[in-house]
Amino acid sequence: GNSVTQMEGPVTLSEEAFLTINCTYTATGYPSLFWYVQYPGEGLQLLLKATKADDKGSNKGFEATYRKETTSFHLEKGSVQVSDSAVYFCARSGGSYIPTFGRGTSLIVHP
Amino acid sequence: DVKVTQSSRYLVKRTGEKVFLECVQDMDHENMFWYRQDPGLGLRLIYFSYDVKMKEKGDIPEGYSVSREKKERFSLILESASTNQTSMYLCASSWDQEGGSPLHFGNGTRLTVT
């Protein structure tokens, strides 16, 4: 079946460090790929998406590129801030409207 | 902006009680979902609905039921609450049938069963 695997956390960084959170997905069909972010005490909200191979999603300085050859959708940011501390979820859908989520990666950014 | 509203942020119930969690969305979305979120387990799908009065079981439906009498409202029911149902419950909605549109989430209901 469909699955999404993302790196376990927590990821702990200092402010202004470079961030990568790895995500790979099963290659069934032609999924759309998403990153969601969950700030403390809130629900998930869409951070960015990509709908086809080689698309790059971007928002708030975060980027992720849909790599079909490596079935990956890694999240990156060049310079993290304390306010980026949150849990990040990678997800896929497509073929079915029921998305599949990764288990989430907690990011902690220290001043 | 789409708004998904869950009726309670925090709820404390006793074992054996019948519990209703309410969710309302304001964007005429076809699909609605109930997830529970537990540390280390991520999001697990309990039930979903793709139309009024339609419902499908997700990955962990045992001990739960749902109701969708109107398009905008999707209720999760714990028939007889148990302590292992203590969790964060998230409602979400989306509009398309092909999976390309994102989910819109409510802020969650943290349920404690004592």
Side-chain angles (χ1 to χ4, degrees), chain A residues 1-10 21 23 25-53 55 57-59 62 64 66 73 86-106, chain B residues 1-10 21 23-25 27 29-51 54-61 87-110:
Chain A
N2 296 331
S3 69
V4 172
T5 303
Q6 60 182 106
M7 60 190 289
E8 290 192 25
I21 301 178
C23 171
Y25 62 93
T26 52
T28 310
Y30 302 94
S32 294
L33 301 174
F34 307 87
W35 276 101
Y36 291 84
V37 59
Q38 184 180 31
Y39 298 105
E42 299 183 9
L44 281 69
Q45 58 185 270
L46 179 69
L47 181 59
L48 52 85
K49 65 178 276 191
T51 57
K52 62 183 188 296
D55 268 3
S58 62
N59 187 23
F62 291 89
Y66 191 140
F73 192 55
V87 181
Y88 293 82
F89 291 88
C90 184
R92 62 153 285 163
S93 58
S96 152
Y97 51 87
I98 306 164
T100 302
F101 286 87
R103 290 196 171 188
T105 302
S106 174
Chain B
D1 264 1
V2 176
K3 194 164 173 102
V4 178
T5 303
Q6 295 184 229
S7 54
S8 305
R9 290 299 301 271
Y10 300 94
L21 302 184
C23 175
V24 176
Q25 49 96 2
M27 280 299 289
H29 282 178
E30 302 292 332
N31 310 318
M32 296 189 76
F33 306 81
W34 275 106
Y35 290 88
R36 63 177 283 176
Q37 182 178 18
D38 300 287
L41 298 178
L43 297 173
R44 292 183 290 169
L45 182 63
I46 304 171
Y47 268 96
F48 63 96
S49 168
Y50 53 88
D51 202 351
M54 305 303 288
K55 59 186 179 185
E56 295 286 343
K57 293 179 180 179
D59 300 319
I60 51 163
S87 186
M88 169 71 89
Y89 290 88
L90 293 169
C91 176
S93 69
S94 71
W95 67 269
D96 79 21
Q97 297 295 315
E98 296 179 354
S101 69
L103 266 58
H104 298 264
F105 284 85
N107 278 333
T109 297
R110 185 165 293 282

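Throughout, protein chains are lettered first and strands after them, A, B, ... in sequence-line order, and every chain is numbered starting at 1. We use all heavy atoms of the structure for the numbers below, so side chains are in, but hydrogens, waters and symmetry mates are not.
Arg9(B) touches chain A through its side chain: at least one heavy atom from C-beta onward sits under 4.5 Å away, while N, CA, C and O do not. Only the side chain of Gln38(A) comes within contact range of chain B, with at least one heavy atom under 4.5 Å from a heavy atom of that chain. Within the 4.5 angstrom heavy-atom criterion, only side-chain atoms of Gln37(B), from C-beta onward, approach chain A.
In this structure, the side chain of Arg103(A) engages the main chain of Gly40(B) through a donor-acceptor pair within 3.5 Å.
Counting heavy-atom neighbours within 6.0 Å of Glu42(A) CD, excluding the residue itself, gives a total above 12.
Between Trp35(A) and Phe73(A), the two ring planes are parallel [angle under 30°; tilted spans 30° to 60°]. The aromatic rings of Tyr35(B) and Phe33(B) lie parallel to each other, with less than 30° between the two planes, well short of the 60° mark.
Taking Gly41(A), Ala91(A), Gly102(A) one by one and counting their heavy-atom pairs under 4.5 Å with chain B, the maximum is reached by Gly41(A).
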